[in-house]
Participant: 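Below are the structure tokens for one structure; questions will follow.
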2 protein chains.
Amino acid sequence: MGTTQLESVPEPKYWHLKTVLTEALDSEFSVGEILPNERDLAARFGVARATLRQALEQLELEGRLQRRRGVGTTVAPPRVGVAVGSEQHAWPGAADDAWQPVDCTTAVPPAGVADHLETDPDEQVHIVRRSRVTHGQPVAAELLYVPGSSVPALSAIDAPSGAARARAVLRELQHMELEGQAQSVELGSAGAADAKELDRLPGAPVLVVTTRFYAEGRTAAVSVATYRADTCRLTFGDSGRVEIHHDPERRAS
Amino acid sequence: MGTTQLESVPEPKYWHLKTVLTEALDSEFSVGEILPNERDLAARFGVARATLRQALEQLELEGRLQRRRGVGTTVAPPRVGVAVGSEQHAWPGAADDAWQPVDCTTAVPPAGVADHLETDPDEQVHIVRRSRVTHGQPVAAELLYVPGSSVPALSAIDAPSGAARARAVLRELQHMELEGQAQSVELGSAGAADAKELDRLPGAPVLVVTTRFYAEGRTAAVSVATYRADTCRLTFGDSGRVEIHHDPERRAS
DNA sequence: GAGTGGTCTAGACCACCGT
DNA sequence: CGGTGGTCTAGACCACTCT
């Protein structure tokens, strides 16, 4: 027992790799630069490609890298701050809110949404699909669920389908007085449809923002928005902005 | 070219596995139940263990499963809603805010935090460590950075270290008038220290909530809180609560 | 077609938990 | 101690993008 064990806590190789790569990214690479391919990198570090990939995956999760099949791995820019919650409540579609209506269908919402809306489990609602673009890149996809009772004056005739109908639904919403809204954020993975819209592979990590809009004493609409977790930093709160921070390892003790 | 291609878009095995497992979880398992071990499951589905693990990883990310080394894989309960942003701004430590002070040290903050606080890059600040527990489970770990100028009356004598000193710092904060706060949420991975406190392995996905507290016309304190992404749903907003929703695959079209 | 990242395999050993 | 999930290897093939 007299030997000083230098390797008493052997940290996993991929973890150490991640640390080394992080330092390299901070010092030797600039945003947009492309890294050597995975096979070369793995050989250079003397590990299997799967091990290297485990490190790259985490770095991508943390928004440090961007990987694209058929192209390569590049150094990602700092995350974009996107405003999600603000003190001034407003209906979606009001005074252009950074979202762009895409189309509108009518269908039965998922069970969880139906619970929020207090509609029958098999009652159809309007579903407005919108997308959010920042700096030319898609950052979020949204499904807005609006029961027919929230837009009674909506005429099925003047906008039968597509983006025009989406705008019609949003326009009708403004006629109600918004009494409040509640939001939640959780981690999810992109479904096939969202992945396509976000230009990612299915299963990519997303931040799911669920918003309930209250009007006339009930939940008048529900929005489920999925933001790219790799590129987005969601900002809430009243005053200024919250800046970037890159804290690879926080504190020693 | 006359053949109808049924397999024109062969989805990955792990993706299909995830779908099958999700349905099984919804119908055949109850919360807390333990699944067969990974080797058995892989054999049952006729895939390699690595492939099965890829599916399990995603399900854990979505909060459907909980895996613990040496124990097994269990069905996770629905995510806990934890209140993070509220309209009534209050200093940390006020009117017991669900956080428990752990200890307090003095050190130079990370560069990003120093930027927020507008302190010199090598100026030491008070660092209060707090933890948040819900239903007996640790859900978040926080580092609260307080520059000395925000707590001028703090005496180094009456609470030299530990939780007592942490409480002393929090007490002094209440003396300022809080003018506002701004928050951001982003995805991260747990460092060694946070992982230990959250009872997870290093690298586990976390939701990083950064809060700036404004007082006396400047940023008087910065809090960086890491929440377990697998078990937590962060709630913001003014009125009620946002309920659970499990939407494995959202919409077909 | 050449080169990239994404998926998959069939093993092996390790770290941890319970008994 | 036996059983679990966590790490790692050295290959193979596939899907995609660019030229």
Side-chain angles (χ1 to χ4, degrees), chain A residues 5 7-19 21 33-61 64-76 189-190 192 195-196 199-205 230, chain B residues 5 7-19 21 33-61 64-76 189-190 192 195-196 199-205 230:
Chain A
Q5 289 198 253
E7 288 296 330
S8 63
V9 182
E11 65 182 358
K13 280 188 185 178
Y14 81 92
W15 186 262
H16 181 242
L17 255 185
K18 192 184 125 181
T19 306
L21 286 171
E33 200 167 343
I34 62 179
L35 271 62
N37 71 55
E38 297 182 348
R39 290 162 180 86
D40 285 355
L41 273 181
R44 180 176 314 187
F45 288 109
V47 300
R49 183 154 81 109
T51 304
L52 174 80
R53 279 179 59 81
Q54 203 170 347
L56 294 184
E57 262 157 42
Q58 285 220 2
L59 289 173
E60 189 177 31
L61 204 78
R64 302 299 309 266
L65 292 180
Q66 193 158 356
R67 299 191 291 170
R68 285 199 296 172
R69 168 154 54 178
V71 180
T73 302
T74 59
V75 181
S189 52
K196 197 172 192 177
D199 192 26
R200 300 257 60 197
L201 290 178
D230 55 343
Chain B
Q5 288 198 254
E7 287 298 328
S8 63
V9 182
E11 65 181 357
K13 280 189 186 178
Y14 81 91
W15 186 260
H16 180 241
L17 254 184
K18 191 183 125 181
T19 307
L21 286 171
E33 201 167 342
I34 62 180
L35 269 62
N37 71 55
E38 295 182 350
R39 290 161 180 89
D40 285 354
L41 274 180
R44 181 176 313 186
F45 287 109
V47 299
R49 183 154 81 110
T51 305
L52 174 79
R53 279 179 59 81
Q54 204 169 346
L56 294 185
E57 262 157 42
Q58 285 220 3
L59 289 173
E60 188 178 31
L61 204 77
R64 303 298 311 266
L65 292 180
Q66 193 159 357
R67 299 191 289 171
R68 285 199 294 174
R69 169 155 53 178
V71 179
T73 303
T74 58
V75 181
S189 51
K196 197 171 191 177
D199 192 25
R200 299 257 62 196
L201 289 178
D230 56 343

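The figures here come from the full heavy-atom set of this structure, side chains too, leaving out hydrogens, waters and symmetry mates. So you know, we letter chains A, B, ... as the sequences are listed, proteins then strands, and number each from 1.
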Participant: Taking all heavy atoms of A55(A) and all of Y14(A), pick out the closest pair and write down the distance.
Facilitator: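 That would be CB-O, 3.6 Å.
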Participant: Below the 4.0 Å mark, does dG5(D) have OP1 or OP2 next to a side-chain nitrogen or oxygen of T73(B)?
Facilitator: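 T73(B) to dG5(D) OP1/OP2: side-chain N or O found under 4.0 Å.
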Participant: Distance check, rounded to the nearest 0.5 Å: L61(B) atom CG versus L56(B) atom CG?
Facilitator: 12.5 Å
Participant: Base, sugar-phosphate alone, or nothing: which one does L201(A) contact when heavy atoms must sit under 4.0 Å apart?
Facilitator: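 The answer is sugar-phosphate, as L201(A) gets under 4.0 Å only of primed atoms, P, OP1 or OP2.
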Participant: Under 4.0 Å: is that the gap between some side-chain N or O of N37(B) and OP1 or OP2 of dG3(D)?
Facilitator: no
Participant: Side-chain N or O of T51(A) less than 4.0 angstrom from OP1 or OP2 on dT9(D)?
Facilitator: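 Yes, within the criterion.
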Participant: Determine whether R53(B) and R67(B) satisfy the following criterion, side-chain contact (heavy atoms from CB on, under 4.5 Å), listing intermediate values before the conclusion.
Facilitator: CA-CA 11 Å; R53(B) 279 179 59 81; R67(B) 299 191 289 171; 3.6 Å; yes
Participant: Return the value, rounded to whole Å, for the distance between atom CD of Q54(A) and atom P of dG5(C).
Facilitator: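 For the pair Q54(A) CD and dG5(C) P, the rounded distance is 17 Å.
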Participant: Rounded to whole angstrom units, what separation is found between the CZ atom of R49(B) and the C1' atom of dA12(C)?
Facilitator: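 Computing the R49(B):CZ to dA12(C):C1' distance gives 10 Å.
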Participant: Measure the distance from CD1 on I34(A) to C1' on dG3(C) and round it to the nearest whole Å.
Facilitator: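 One finds 11 Å between C1' of dG3(C) and CD1 of I34(A), rounded.
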Participant: R67(A) side chain N/O closer than 4.0 Å to the phosphate oxygens (OP1, OP2) of dG6(C)?
Facilitator: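 Yes, R67(A) has a side-chain N/O under 4.0 Å of OP1/OP2 on dG6(C).
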Participant: Report the residue (L52(A) or R200(B)) whose heavy-atom-nearest nucleotide on DNA chain D is the more 5′ of the two.
Facilitator: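 In this pair, the answer is R200(B).
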Participant: Quick check: closest heavy atoms across L17(A) and L52(A), and the distance to 0.1 Å?
Facilitator: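 That closest heavy-atom pairing would be CD1-CA, 3.9 Å.
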Participant: N/O contacts under 3.5 Å, protein versus nucleotides 14-19 of chain C?
Facilitator:
| residue | atom | partner | partner atom | Å |
| --- | --- | --- | --- | --- |
| dA15(C) | O4' | R69(B) | NH1 | 3.4 |

Participant: Could you go step by step and tell me if L21(B) and R64(B) meet the side-chain contact (heavy atoms from CB on, under 4.5 Å) rule?
Facilitator: CA-CA 10 Å; L21(B) 286 171; R64(B) 303 298 311 266; over 6 Å; no
Participant: H16(B) NE2 to dC8(C) P: how many Å, rounded?
Facilitator: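 Atom-to-atom, H16(B) to dC8(C), this comes out as 12 Å.
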Participant: So, Q58(B) side chain and S189(A) main chain: donor-acceptor pair closer than 3.5 Å or not?
Facilitator: no
Participant: State, to 0.1 Å, how close V75(A) and L65(A) come at their nearest heavy-atom pair, and which atoms those are.
Facilitator: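 So the minimum-distance heavy-atom pair works out to CA-CD2, 4.3 Å.
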Participant: Is the phosphate of dG6(D) approached by R53(B) (side-chain N or O, under 4.0 Å from OP1 or OP2)?
Facilitator: yes
Participant: Please give, in whole Å, the distance from dG6(D) P to Q58(A) CD?
Facilitator: 13 Å
Participant: Could you tell me how far apart E60(A) (CD) and dG5(C) (P) are, to the nearest whole angstrom?
Facilitator: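 Distance, rounded to whole Å: 11 Å.
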Participant: Roughly, in whole Å, what's the span from CG in L41(A) to P in dG3(C)?
Facilitator: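 After rounding, the reported distance stands at 17 Å.
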Participant: Compute the angle between the rotation axes at the two ends of the helix from dG1(C)-dC18(D) to dG18(C)-dC1(D), each taken over five pairs, rounded to 10 degrees.
Facilitator: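 Nearest ten degrees gives 10° for this helix.
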Participant: Kindly give the heavy-atom pair with the smallest separation between K13(B) and V47(B), and that separation in Å.
Facilitator: CD-CG1, 4.1 Å
Participant: Dump the intermediate steps for side-chain contact (heavy atoms from CB on, under 4.5 Å) on R68(B) and D199(B), then the final yes or no.
Facilitator: CA-CA 10 Å; R68(B) 285 199 294 174; D199(B) 192 25; 4.2 Å; yes
Participant: Counting only side-chain heavy atoms from C-beta out, which of dT7(C), dT9(C), dC8(D) sits nearest to K13(A)?
Facilitator: dC8(D)
Participant: Return the minimal non-hydrogen interatomic distance between P36(B) and L41(B), and the atom names on each side.
Facilitator: O-CD1, 3.6 Å
Participant: Between C1' on dT4(C) and CG on L65(A), what's the gap in Å once rounded to a whole number?
Facilitator: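 In whole Å, dT4(C) C1' and L65(A) CG are 15 Å from each other.
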Participant: Phosphate oxygens OP1/OP2 of dT7(C): is one of them under 4.0 Å from a side-chain N or O of Y14(B)?
Facilitator: yes
